Amino acid sequence: VQLQASGGGLVQAGGSLRLSCAASLRTFSTYVMGWFRQAPGKEREFVACIGPRGSTTFYSDSVKGRFTISRDNAKNAVYLQMNGLKLGDTAVYYCAAGLRCSVIVKNYDYWGQGTLVTVSS
């Protein structure tokens, strides 16, 4: 099983980025997919999750209204559209797969390697 996150980079505050995560999961459409992030010196924190069919989403308060999670089950992919980026959004972003939408790291079974997002002033 492999999750490959991509799309990170350097962006100015107020800008946008779209992260992608390609999954090799055979039963991708049965998994909840989540995005987490980890800033230097901080614990990994929940960003967003999406249900297996894409009809249910949940966001952390810090990104609600700015970020949008989506998925394409035909492509075994999940996305995170990030708008209105702030300096505090700087982190390594990880995609994860699990059986339920959860803010808890240990509730996800599979993790990608992470992609770095750096927001500059």
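Small disclaimer: the values here were computed from a predicted structure and weren't measured.
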Do L87 and L19 share a hydrophobic cluster, counting only Ile, Leu, Val, Met, Phe, Trp and Tyr and linking them when any side-chain heavy atoms are less than 4.5 Å apart?
yes
Going by the side-chain contact (heavy atoms from CB on, under 4.5 Å) test, name the single residue among T68, T57, L80, V32 that passes it with I50.
T57
Smallest separation among heavy atoms of L3 and A96, with atom names:
CD1-CA, 3.8 Å
Are the side chain of Q38 and the backbone of A91 linked by a donor-acceptor contact shorter than 3.5 Å?
no
Could you give all pairs that pass the side-chain hydrogen bond (donor to acceptor under 3.5 Å, both in side chains) test and reach residues 75-86, with sequence neighbours left out?
S16-N83, Q81-N83
Return yes if some donor-acceptor pair links the side-chain N/O of Y59 with the main-chain N/O of I69 below 3.5 Å, else return no.
yes
Under 30°, 30 to 60°, or over 60°: which ring-plane class applies to F67 and Y93, parallel, tilted or perpendicular?
tilted
Which atoms form the tightest heavy-atom contact between A97 and M33, and what is the distance?
CB-SD, 3.6 Å
Count I, L, V, M, F, W, Y as connected when their side-chain heavy atoms are under 4.5 Å apart, and connections chain through other members. Are V103 and F36 then in the same cluster?
yes
Hydrophobic clusters here meaning ILVMFWY residues chained together by side-chain heavy-atom distances under 4.5 Å, can you tell me if W111 and F46 are in one?
yes
For the pair R71 (side chain) and G51 (backbone), establish whether a donor and an acceptor sit closer than 3.5 Å, ignoring hydrogens and angles.
yes
For R66 and D89, run side chain to side chain contact (heavy atoms under 4.5 Å, CB included): C-alpha distance rounded to whole Å, both residues' side-chain angles, the deciding distance at 0.1 Å, then the answer.
CA-CA 11 Å; R66 300 188 297 122; D89 294 320; 2.7 Å; yes
Start with the C-alpha distance between R37 and S60, add both sets of side-chain angles, then the distance that settles side chain to side chain contact (heavy atoms under 4.5 Å, CB included), and finish with yes or no.
CA-CA 11 Å; R37 67 186 182 186; S60 69; 5.5 Å; no
Ignoring hydrogens and geometry, is there a side-chain-to-backbone donor-acceptor pair from N73 to P52 under 3.5 Å?
yes
Work out which heavy atom in M82 is nearest to a heavy atom in V117; give both atom names and the distance.
CE-CG2, 3.8 Å
Is it true that a side-chain atom of T90 and a backbone atom of V119 form a donor plus acceptor pair closer than 3.5 Å?
yes
Do you know which two heavy atoms are closest between Y94 and G112, and how far apart they sit?
CD2-O, 3.5 Å
With hydrophobic residues grouped by side-chain heavy-atom distances under 4.5 Å, do F58 and V47 end up in a single group?
no
Are L99 and Y110 grouped together when hydrophobic residues (ILVMFWY) are joined by side-chain heavy atoms under 4.5 angstrom apart?
yes
Does Y108 reach the main-chain N or O of S102 with its side chain, forming a donor-acceptor pair under 3.5 Å?
yes
